[in-house]
Amino acid sequence: ASGVPSEELYDAVRFIDKNALSIYPSLDQKQALWDDAHGSWKLQMATGGGKFRIFKPVPIFAFAMVDELNFGNGVGINSDTILLSLLGPHFFNPKRRQMVITIDDMFLFAS
């Protein structure tokens with residue numbers, strides 16, 4: 001996929017989501033996928049609330065990060081002007097492919 005919003009990209013993501021149990025059948029494979037996901041990202045596309053069949057461009061600066069201990073995300077005008085940022089420890093449950101997060105720190109209007 002090119003990263004360009006399209007119905008094909010949306011269908012590919014939904015296919016992986018719906019078939020994750022057969023694509024990643026063991027807990028070790030799910031944990032390895034989670035370990036590979038550690039890092040930081042700028043959100044480029046979103047589903048638009050689930051009523052669309054194509055990804056939509058994100059109109060604001062939004063980001064997320066995850067490491068061995070913490071999950072953080074936030075929104076802002078750009079990378080230098082963050083309006084809201086949340087950070088806290090997480091627990092990944094590979095059996096359910098679910099991340100439970102708690103918020104320990106909240107930052108408003110950081111730069």
Side-chain angles (χ1 to χ4, degrees):
S2 66
V4 175
S6 68
E7 190 170 330
E8 291 81 17
L9 179 61
Y10 182 88
D11 289 343
V13 170
R14 294 297 298 147
F15 178 86
I16 291 170
D17 189 45
K18 288 180 181 180
N19 295 288
L21 289 177
S22 60
I23 296 170
Y24 306 103
S26 76
L27 292 180
D28 289 340
Q29 289 172 315
K30 289 180 181 85
Q31 186 64 52
L33 178 67
W34 174 251
D35 293 343
D36 287 345
H38 290 174
S40 306
W41 315 273
K42 177 182 181 264
L43 185 62
Q44 300 283 36
M45 295 180 274
T47 59
K51 59 184 174 178
F52 300 100
R53 293 210 22 90
I54 189 169
F55 288 107
K56 304 290 183 191
V58 177
I60 60 172
F61 180 81
F63 66 93
M65 65 73 60
V66 65
D67 62 20
E68 292 82 10
L69 303 173
N70 293 297
F71 173 79
N73 66 349
V75 295
I77 297 169
N78 55 43
S79 62
D80 295 323
T81 306
I82 304 301
L83 303 175
L84 172 66
S85 180
L86 306 171
L87 180 67
H90 66 74
F91 168 75
F92 178 66
N93 179 346
K95 186 173 183 179
R96 299 186 69 190
R97 289 186 315 123
Q98 179 183 55
M99 179 178 63
V100 178
I101 62 170
T102 58
I103 304 301
D104 283 353
D105 295 307
M106 178 172 47
F107 304 94
L108 296 171
F109 304 105
S111 59

Using a 3.5 Å cut-off and no angle test, enumerate the donor-acceptor pairs between side-chain atoms of residues 37-45 and protein atoms at least two apart in sequence or in another chain.
residue, atom, partner, partner atom, Å
K42, NZ, Q44, OE1, 3.3

Qualifying residues under side chain to side chain contact (heavy atoms under 4.5 Å, CB included), relative to [X], sequence neighbours excluded:
| X | answer |
| --- | --- |
| D36 | none |
| I16 | I23 |
| F63 | F61, I82, S85 |
| I60 | V58, V75 |

Pairing residues for F71 by the ring pair (Phe, Tyr, Trp, His ring centres under 6.0 Å) criterion, not counting sequence neighbours: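 For F71 there are no ring pair (Phe, Tyr, Trp, His ring centres under 6.0 Å) partners, ignoring immediate neighbours.
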Ion pair present between D17 and R14, side-chain N to carboxylate O less than 4.0 angstrom?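 Looking at D17 and R14, the cut-off is met.
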Distance check, rounded to the nearest 0.5 Å: I101 atom CD1 versus I103 atom CD1?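 Output value for this atom pair is 4.5 Å.
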Could you pull out all residues at least two apart from D67 that satisfy salt bridge (Lys or Arg N to Asp or Glu O under 4.0 Å)?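 Not a single residue meets the salt bridge (Lys or Arg N to Asp or Glu O under 4.0 Å) criterion with D67.
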What's in the same ILVMFWY side-chain cluster as L87, cut-off under 4.5 Å, chained through other members?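 Members other than L87 - counting any ILVMFWY side chain reachable under 4.5 Å - are M65.
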With N73, which residues qualify under side-chain hydrogen bond (donor to acceptor under 3.5 Å, both in side chains), at least two apart?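 If we apply the side-chain hydrogen bond (donor to acceptor under 3.5 Å, both in side chains) test to N73, skipping adjacent residues, there are no hits.
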Residues 27-34, side-chain donor-acceptor partners within the protein, below 3.5 Å, at least two apart:
residue, atom, partner, partner atom, Å
Q29, OE1, S26, N, 3.2
Q29, OE1, S26, OG, 3.4
K30, NZ, Y24, O, 2.9
Q31, NE2, D35, OD1, 3.1

Are the side chains of F55 and V13 in touch, meaning some heavy atoms are under 4.5 Å apart?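 Yes, their side chains come closer than 4.5 Å.
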With a 4.5 Å limit on heavy-atom distance, are the side chains of L84 and L108 in contact?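 Yes; the side chains approach each other to less than 4.5 Å.
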Pair listing, side-chain hydrogen bond (donor to acceptor under 3.5 Å, both in side chains) test, anchored in residues 99-110, at least two apart: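 Applying side-chain hydrogen bond (donor to acceptor under 3.5 Å, both in side chains) to every pair that reaches into residues 99-110, excluding sequence neighbours, yields nothing.
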In one Ile/Leu/Val/Met/Phe/Trp/Tyr side-chain cluster, 4.5 Å: F109, I77: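 The answer is yes; both residues are in one hydrophobic cluster.
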I'd like to know whether K56 forms a side chain to side chain contact (heavy atoms under 4.5 Å, CB included) with I54, so could you lay out the CA-CA distance, the side-chain angles of the two residues, the decisive distance to 0.1 Å, and finally the verdict. CA-CA 6 Å; K56 304 290 183 191; I54 189 169; 3.8 Å; yes
Atom CE of M99 with >12 non-hydrogen neighbours under 6.0 angstrom: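 Counting neighbours around CE of M99, more than 12 heavy atoms of other residues, nucleotides or ligands fall under 6.0 Å, so yes.
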